[in-house]
Each structure stands twice: as structure tokens, then as C-alpha cells.
Amino acid sequence: MKESEAASIAPIFIVGPPRCGTTLCARILGQLPSVHAPGETHFMEDIYSRLSEIGDLRSLESRKALVSRLETIYGRFNEPSDQERVEALMSSDDFREEMLDSATDWQSAYSHFMNCQVRVIGARRWLNHTPKDIFYVEELIQAFPEAKFLFCIRDPRDFLFSYKRKWKATTDENSSRIRSLY
């Protein structure tokens, strides 16, 4: 694969603090037919940061635990349409076996999981816009050296103003949590 071809299919990571425009940027880039931009993946927070709990991925049992977490990742982070797509993928025994075979390290598991979704959608590259990935930029650069990064920033006063009434626009269960954060 030529370098320019590899760059055209490299993943895109949009990172930054909450309420700074990561979702808007993802929606804009997601309109490109070559880019698959699912909801926030939370892979780094939900799987990478728990690798010690999941175990050594050379073990089949650990790979099964990782695949099990991937199977419900979008559902745990309130991304229902993305969760439906993953459930459809996971219902295939071939896909499950493919994931178990490829999940020998976290980079391969992440890449394969996202690339399978890209194939289903018919795009060429994937995008992740989880704001908390700002804390994992070094790991992501090491894992995906060809990846493109978009760092979103916002004036803190605008962020606070945006966040001030966010608790009113959410479910009752999240309202008190968000309100206390503000």
C-alpha cells in the first residue's frame, strides 16, 4: 500500500474537552461518503483503561471478555443506532470468530472492530470523536501513527455558558449529576 493510500484510510480522532465541538466536527466529516463517524466509541476509556481487568489478550478467555465488552459498548454510552449495527455484526458467528482471532492486542482489536463497521457502512476510514480520548493521545499516536488528529478548543467562558443549562435538556437520572458538575 502506498503512503498516500494509507493516509487516505487512516483513522481520524477528534479530541478536546466536552462541549467544544467534537460532535459537530464529527457530524460534518461524517457526511463524507468515505468516512464512517459513529457515536462516541469510548474504547480507550472503557476497554484500554481496563486491560488489567480483562487480562492478557494472548489468552482466549481474555479475548472473549474484550469482545463481550465491545458487543455492548455503544449501548452503555447511549448510542442506540450504533449499538444496533454492532449487535447485527456480533450475531454472525464468523464475525465473532474474526474478532476473537484479531484481538491479540488492544490496537488490533480496536482497529478491527472499527474497520468491520466501516466495511458494513461502505466507507473507507473511521472516525472517533470521544472527548476523553484527549487523555490517550500518546497511546493513540503510537498505535495509529498514520492517524489524523483534530483538536477542538473552546473559550472556557463559552463552555461554561453552554454547560450551564445542559442539565435541563437531559433525562432525570442524568440531570442531578450534570447539574452538580456545573
Side-chain angles (χ1 to χ4, degrees), residues 1-16 21-51 54 57 62-152:
M1 183 181 308
K2 295 178 184 175
E3 187 175 326
S4 62
E5 193 176 319
S8 73
I9 60 172
I12 302 167
F13 293 95
I14 302 174
V15 296
T22 56
T23 301
L24 176 61
C25 289
R27 285 184 182 160
I28 291 168
L29 290 173
Q31 295 299 309
L32 297 169
S34 62
V35 176
H36 172 54
E40 295 179 9
T41 306
H42 294 276
F43 183 95
M44 298 302 286
E45 172 190 3
D46 191 62
I47 294 177
Y48 175 79
S49 67
R50 289 185 169 85
L51 282 176
I54 292 171
L57 294 177
S62 295
R63 290 195 308 272
K64 284 181 180 179
L66 183 143
V67 170
S68 177
R69 288 200 72 79
L70 281 174
E71 187 171 23
T72 59
I73 196 163
Y74 290 120
R76 286 193 308 280
F77 292 100
N78 197 27
E79 301 289 351
S81 62
D82 295 313
Q83 184 58 45
E84 288 174 19
R85 183 183 52 261
V86 169
E87 286 171 1
L89 277 170
M90 291 288 191
S91 68
S92 161
D93 289 337
D94 291 340
F95 176 76
R96 186 175 291 284
E97 288 302 315
E98 199 177 319
M99 277 303 304
L100 287 172
D101 290 344
S102 71
T104 55
D105 57 47
W106 73 267
Q107 300 94 324
S108 299
Y110 191 9
S111 183
H112 191 74
F113 178 70
M114 296 302 286
N115 283 325
C116 286
Q117 294 178 70
V118 164
R119 280 197 316 257
V120 168
I121 299 297
R124 290 180 42 94
R125 70 192 315 172
W126 52 272
L127 177 152
N128 185 17
H129 66 102
T130 307
K132 286 186 180 181
D133 282 356
I134 190 99
F135 299 112
Y136 300 100
V137 169
E138 285 184 41
E139 292 88 342
L140 291 168
I141 289 172
Q142 288 176 356
F144 304 100
E146 74 287 355
K148 305 299 178 196
F149 286 82
L150 177 61
F151 293 87
C152 295

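Computation of the quantities below employed the complete heavy-atom set of this structure, encompassing side-chain atoms and omitting hydrogens, waters and symmetry-equivalent molecules. Fair warning: this is a prediction, and the values are worked out from it, not measured in the lab.
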To the nearest 0.5 Å, what is the distance between [atom1] on [X] and [atom2] on [Y]?
{"X": "I54", "Y": "R69", "atom1": "CD1", "atom2": "CZ", "result": "6.0 Å"}
{"X": "L127", "Y": "L29", "atom1": "CG", "atom2": "CG", "result": "6.0 Å"}
{"X": "F149", "Y": "I12", "atom1": "CZ", "atom2": "CD1", "result": "11.0 Å"}
{"X": "R27", "Y": "L24", "atom1": "CZ", "atom2": "CG", "result": "8.0 Å"}
{"X": "Y136", "Y": "E45", "atom1": "OH", "atom2": "CD", "result": "6.5 Å"}
{"X": "L140", "Y": "D133", "atom1": "CG", "atom2": "CG", "result": "5.5 Å"}

Y74 vs T41, test: side-chain contact (heavy atoms from CB on, under 4.5 Å). Steps then yes/no. CA-CA 7 Å; Y74 290 120; T41 306; 3.7 Å; yes
Across all chains, not counting sequence neighbours, the ring pair (Phe, Tyr, Trp, His ring centres under 6.0 Å) partners of F135 are none
Search all heavy atoms of [X] against all heavy atoms of [Y] and return the closest pair with its distance.
{"X": "R125", "Y": "A10", "result": "NE-O, 2.7 Å"}
{"X": "M99", "Y": "A109", "result": "CE-O, 3.8 Å"}
{"X": "C25", "Y": "C152", "result": "SG-SG, 3.8 Å"}
{"X": "A26", "Y": "A37", "result": "O-CB, 3.7 Å"}

Answer yes or no: are there more than 12 heavy-atom neighbours, outside R50 itself, under 6.0 Å from its atom CZ? yes
Just by modelled atom types, is the [Y] backbone N or O under 3.5 Å from a matching donor or acceptor in the [X] side chain?
{"X": "R63", "Y": "L57", "answer": "yes"}
{"X": "D82", "Y": "G39", "answer": "yes"}
{"X": "S102", "Y": "E98", "answer": "yes"}
{"X": "T130", "Y": "K132", "answer": "no"}
{"X": "Q83", "Y": "G75", "answer": "yes"}
{"X": "R124", "Y": "I9", "answer": "no"}

Please evaluate residues Y110 and F144 with respect to the criterion ring-ring contact (aromatic ring centres under 6.0 Å, His included), reporting the C-alpha separation (whole Å), side-chain torsions for both, the decisive distance (0.1 Å), and the verdict. CA-CA 10 Å; Y110 191 9; F144 304 100; 5.8 Å; yes
Using side-chain contact (heavy atoms from CB on, under 4.5 Å), reason through M44 and W106 one step at a time and then give a plain yes or no. CA-CA 9 Å; M44 298 302 286; W106 73 267; 3.6 Å; yes
Would you check if E146 and P11 make a side-chain contact, meaning some heavy-atom pair closer than 4.5 Å? yes
L150 side chain near H129 side chain, heavy-atom distance below 4.5 Å: no
Derivation and outcome, side-chain contact (heavy atoms from CB on, under 4.5 Å), residues M90 and L70: CA-CA 9 Å; M90 291 288 191; L70 281 174; 4.1 Å; yes
Does E71 pair with R96 as a salt bridge, N-O distance under 4.0 Å? yes
side-chain contact (heavy atoms from CB on, under 4.5 Å), that's the test. Do V120 and H36 meet it? Break it down for me. CA-CA 10 Å; V120 168; H36 172 54; over 6 Å; no
Check side chain to side chain donor-acceptor pair (under 3.5 Å) between S108 and all other residues, then give those that pass, not counting sequence neighbours. D105
Residue that, paired with W126, satisfies ring-ring contact (aromatic ring centres under 6.0 Å, His included) out of F113, F43, F13: F13
